[in-house]
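These notes concern the structure reproduced below.
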Amino acid sequence: MPTREPAAETGTTDATAALSGAIVDWFAHAARPLPWRAADVSPWAVLVSEFMLQQTQVARVQPRWEEWIRRWPTPADLAAAPASDAVRAWDRLGYPRRALWLHRAATEIVERHGGEVPCDLDALSALQGIGPYTARAIAAFAFGERHPVVDTNTRRVIARAVGGVAEAGPPSTRRDLDAMSALLPPDRARARAFNAGAMELGATVCVARAPRCDDCPIADRCAWRAAGYPAYDGPRRARQARFAGSDREARGLVLRELRAAHRPVALEELARVVDDRLDRALEGLVADGLAVRVDGGYVLPDS
DNA sequence: GAGGCGTGGGG
DNA sequence: TCCCCAAGCCT
C-alpha cells in the first residue's frame, strides 16, 4: 500500500509563514555543524546517521558514525560484512537490534535497488528498521524532497508554539504529520531547513525539562509562552521501568560478552555474569537474531 | 495501541 | 541517588 502523505496543505497563513520563517532563519546560523549535515555526505551516510540517532543523542552517535562510514562507505560494503561485525561496531550505542536492521537494510538496498539508497518514501519505508520518521528524514535530508519530518523534538516545538501546551501528548503519526504539513514552507529548500530547524530547536533550546526561552527565536510567537506556561495536564507517559535489575540490562550484559569473545561463550560463563535473568535474556536475544546457539555455547549471528 | 527494547547524560 | 528523557521501530 502506498504511503499516504497528509493533505497538501502548505503554510499559507501569515502566522504560520512567520513562525516557520523565523525557524528557518534561526537554523541558518544556529545549526550545529554535525558531520552528517555536510553537503558532500552520501544518502547512505545520512541513512546510517538516522538509524543511529533513533532514541540516541548526537554526542554518543558521532564517533560511532565516523567509524561506520569510514569502514563501510556504501551499502554494498556493509552487506558484504557478517552481521556480527555490525553488532560489534555498534558497540554500546544501545538498542543493538538496530545494528542488525541496518545490516539487513543494506542487503535489501543491494538486492532491490542496485546498491543505491532509494529516495522514494514507499521504497524507504519497506526497508528493515525504517519507519515513518526515518523514511521522511532520509527523503528530506539526503535527497531534498519536500516531506514533513516529525520526531519527538518537532512534536514538542509544535505542541508549545502552536498548541500552547507544555507537552505533545501521545504520538499519532497521522495527526503529527498533518500538523507539520500545515507549517511546512512551499519551497523545497526552505521546507528542508524548517524540518531540520524544528528538530534542532527542540533538541537545543525548546528542550523537555528546562527550556531556554530567552534564547528562542520564536519566543514572541509561542502560544505556550503567551498563555503563561501552563503546566501539562494531559495523559502522562507510562513511567519507564527502572534499568537496574531489568531484562534489558541482562540482555546488554550477555551481548557484551558475545561481542568481546570471538568464540562460542558457554552457558556457564554467561551465568557468571548474569543472574537468574539469563534464560529470559538468551531467549529474547535468540528470538531477535542477536545471539545464535551453537555447539559449545552462544555466538553473535554470522560469525 | 501498548509493551519491549540499551545506554548514558543531566537535573 | 533516583528519575526523566532521548533524531523510533517492531510485534
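In what follows, chains are A, B, ... by sequence order, proteins preceding strands, each numbered from 1. From a predicted model like this one, the values you see are computed outputs, not experimental measurements.
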Take the protein atom CZ of A:R98 and the nucleotide atom P of B:dT7, then report the distance between them rounded to whole Å.
11 Å

Most 5' of A:A210 and A:L290 on DNA chain B, judged by nearest nucleotide
A:L290

What salt bridge (charged side-chain N to carboxylate O under 4.0 Å, His left out) pairs are there with at least one residue in residues 77-87 of chain A, not counting sequence neighbours?
A:R71-A:D85

Scoring nucleotides 5-11 of chain C by protein non-hydrogen atoms under 4.0 Å (B base, S sugar-phosphate only, - none) yields BBBBSS-

Without placing hydrogens or testing angles, list every side-chain donor-acceptor pair under 3.5 Å for residues 229-241 of chain A, not counting sequence neighbours.
unit_1: A:Y229; atom_1: OH; unit_2: A:R225; atom_2: NH1; d: 2.6
unit_1: A:Y232; atom_1: OH; unit_2: A:P235; atom_2: O; d: 2.9
unit_1: A:R236; atom_1: NH1; unit_2: A:E167; atom_2: OE2; d: 3.3

A:R251 bridged to A:D247 by N-O distance under 4.0 Å:
no

I need the CZ-P distance between A:R239 and B:dG3, as an integer number of Å.
14 Å

Starting at atom CH2 of A:W90, determine the distance to atom P of B:dG8, rounded to an integer number of angstrom.
14 Å

Distance-only donor-acceptor pairs under 3.5 Å for side chains of residues 202-211 of chain A, two or more places apart:
unit_1: A:T204; atom_1: OG1; unit_2: A:E200; atom_2: O; d: 2.8

Does any pair with a residue in residues 179-198 of chain A pass salt bridge (charged side-chain N to carboxylate O under 4.0 Å, His left out), and if so which ones, sequence neighbours excluded?
A:E145-A:R188

Figure out the CZ/P separation between A:R242 and C:dT1, and round it to whole Å.
12 Å

Work out how far the C1' atom of B:dG8 is from that of C:dT1, and round it to whole angstrom.
16 Å

For A:P96, report the nucleic acid contact type (base, sugar-phosphate, nothing); a contact means any heavy atom under 4.0 Å.
sugar-phosphate

Please state the P separation for the pair B:dG3 and C:dA7 - nearest whole angstrom.
23 Å

With sequence neighbours excluded, what pairs up with A:E269 under the side-chain hydrogen bond (donor to acceptor under 3.5 Å, both in side chains) test?
A:R263

